[in-house]
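Just so you know, ligand 1 is whichever comes first in the structure, and atom 1 is the first atom listed for that ligand. Keep in mind that the numbers below use all heavy atoms, side chains included, and drop hydrogens, waters and symmetry copies.
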Amino acid sequence: MNRELETAINAAKEAGNIAIQTFGELDLAKIHPKDYKDFVTEVDSACEQRIASAITSAFPDDSMLCEEGSTANGTSGRKWIVDPLDGTLNFIHSFPVFSISIALCDSKNDLVTGVVYQPVLDELFTAEKGKGASLNGNPIHVSSRNDPEHFLIATGIPFKEYHYLESYVSMLKDVIHDSAGIRRAGSAAIDLAYTACGRFDAFWEYKLFPWDYSAGVLLVREAGGIVTSFSGNGDVSAHHSIVAGNPVTHPLILEKAKKHFHEHL
Ligand code: IPD
Ligand code: CA
Ligand code: CA
């Protein structure tokens, strides 16, 4: 294992331990509004501080983009992308689905390392570019399901950007017809990790941030899946919309995304 992956794993596990210690007992005073329907807890900040200091002390020349504002402007051209707690609303409500997501892009802006850690289940998803993806050290692969009657599809609901709610709802209706069920777990990083290991057959969400999806995108690709934006572009950062799936589900969901979101693309 290279030092980058080792550093990301250790940092994610340390942050996970911080989160677990408070999970289910979060003091309301430790929850602060960040934006409309957007909250940050003191646990998000504590996790981020731990991860940011681990990364900067191991790789002082690298840059860093973290959701809660920690930054580093190194000279190496490489960039770490960190979501210290993905699923904060779940965490606040003691709903046990949240994760820590850490990714590294090389100087060509290619994703090379990805870690998603779900502390409640002690599940560690890891990927390195060209080396595959694993769950707790065991190789994982996207699902091989190809019959819509069996598909379990994950999504994220637009809970504050109302101008594309109509497009979302019409796409949802369409996906309902081509699946056995739909889940909204509340952590995009987990949605992608579960797509990588075949629990979900596909995932779609419009308008995410790089910290939500970067590690998960590498996981899905290294697990044999396909990830694009809603317009079909492999560079999801240009659009921040995500369609991920296996070679059968990805084109199916992408077609629906293009159809229902065409006015937003
Ligand atoms: C959120 C989660 C959620 C997604 C939201 C994200 P946060 O991240 O990933 O599943 O639907 O768009 O903002 O705020 O809990 O880190
Ligand atoms: Ca997030
Ligand atoms: Ca977060």
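Taking any N or O of A188, backbone or side chain, at least one lies under 3.5 Å from an N or O belonging to ligand 1. Considering backbone and side-chain atoms together, L85 places an N or O closer than 3.5 Å to an N or O of ligand 1. The distance criterion of under 3.5 Å between nitrogen or oxygen atoms is met by G87 with respect to ligand 1.
The environment of K256 atom NZ is dense: over 12 non-hydrogen atoms of other residues, nucleotides or ligands sit within 6.0 angstrom. Counting heavy-atom neighbours within 6.0 Å of K34 NZ, excluding the residue itself, gives a total above 12. For E166, the CD atom counts as loosely surrounded, since its 6.0 Å shell holds 12 or fewer non-hydrogen atoms of other residues, nucleotides or ligands. The environment of E255 atom CD is sparse: at most 12 non-hydrogen atoms of other residues, nucleotides or ligands sit within 6.0 angstrom. Atom NZ of K108 is surrounded by 12 or fewer heavy atoms from other residues, nucleotides or ligands within 6.0 Å.
When non-hydrogen atoms are compared, ligand 1 lies under 4.0 Å from neither the backbone nor the side chain of D191. Proximity of N90 to ligand 1, defined as any heavy-atom pair under 4.0 Å, is not found for any part of the residue. Of the heavy atoms in S187, only backbone atoms (N, CA, C, O) come closer than 4.0 Å to ligand 1. In K34, neither the side chain nor the backbone holds a heavy atom less than 4.0 Å from any atom of ligand 1.
Applying the 4.0 Å criterion to heavy atoms of D83 picks out, from ligand 1, the atoms 16 (O). Here is the list of ligand 1 atoms found below 4.0 Å of a heavy atom in T88: 15 (O). Heavy-atom proximity to L208, at under 4.0 Å, picks out these atoms of ligand 1: 12 (O).
Minimum interatomic distance between L192 and A244 (heavy atoms only, all atoms of both residues): CD2-CB, 3.7 Å.
Of all the listed residues (E205, E161, K207, H240), E205 holds the heavy atom that lies closest to atom 4 (C) of ligand 1.
Taking the Ca ion (ligand 2) as reference, the nearest N/O/S atom within D212 carries the name OD1. D83 contributes atom OD2 as its closest N/O/S atom to the Ca ion (ligand 2). Nearest N/O/S atom of D86 with respect to the Ca ion (ligand 2) is recorded as OD1.
F151 contributes atom CZ, which lies 6.5 Å from atom CG of N146 (distance to the nearest 0.5 angstrom). Note that CG of D191 and CD of E205 are 7.0 Å apart. Values are rounded to the nearest 0.5 Å.
Ranking the protein heavy atoms by distance from atom 3 (C) of ligand 1 puts G186 O, 3.6 Å first. For atom 14 (O) of ligand 1, the closest heavy atom belonging to the protein is E67 OE2, 4.0 Å. Among protein heavy atoms, the minimum distance from atom 8 (O) of ligand 1 is reached at D86 OD1, 2.9 Å. Protein heavy atom in closest approach to atom 6 (C) of ligand 1: D212 OD1, 3.9 Å.
In summary, L85 places an N/O/S atom under 3.0 Å from the Ca ion (ligand 3), meeting the contact criterion. Taking backbone and side chain together, E67 holds no N, O or S atom under 3.0 Å from the Ca ion (ligand 2).
Considering only heavy atoms from C-beta on, F261 comes within 4.5 Å of S167 through its side chain.
Ring geometry, Y206 versus H264: the interplanar angle falls from 30° to 60°, so the pair is classed tilted.
Between K160 and D38 there is a salt bridge, since a side-chain N of the basic residue sits under 4.0 Å from a carboxylate O of the acidic one.
For the pair S107 (side chain) and R78 (backbone), a donor-acceptor distance under 3.5 Å is absent.
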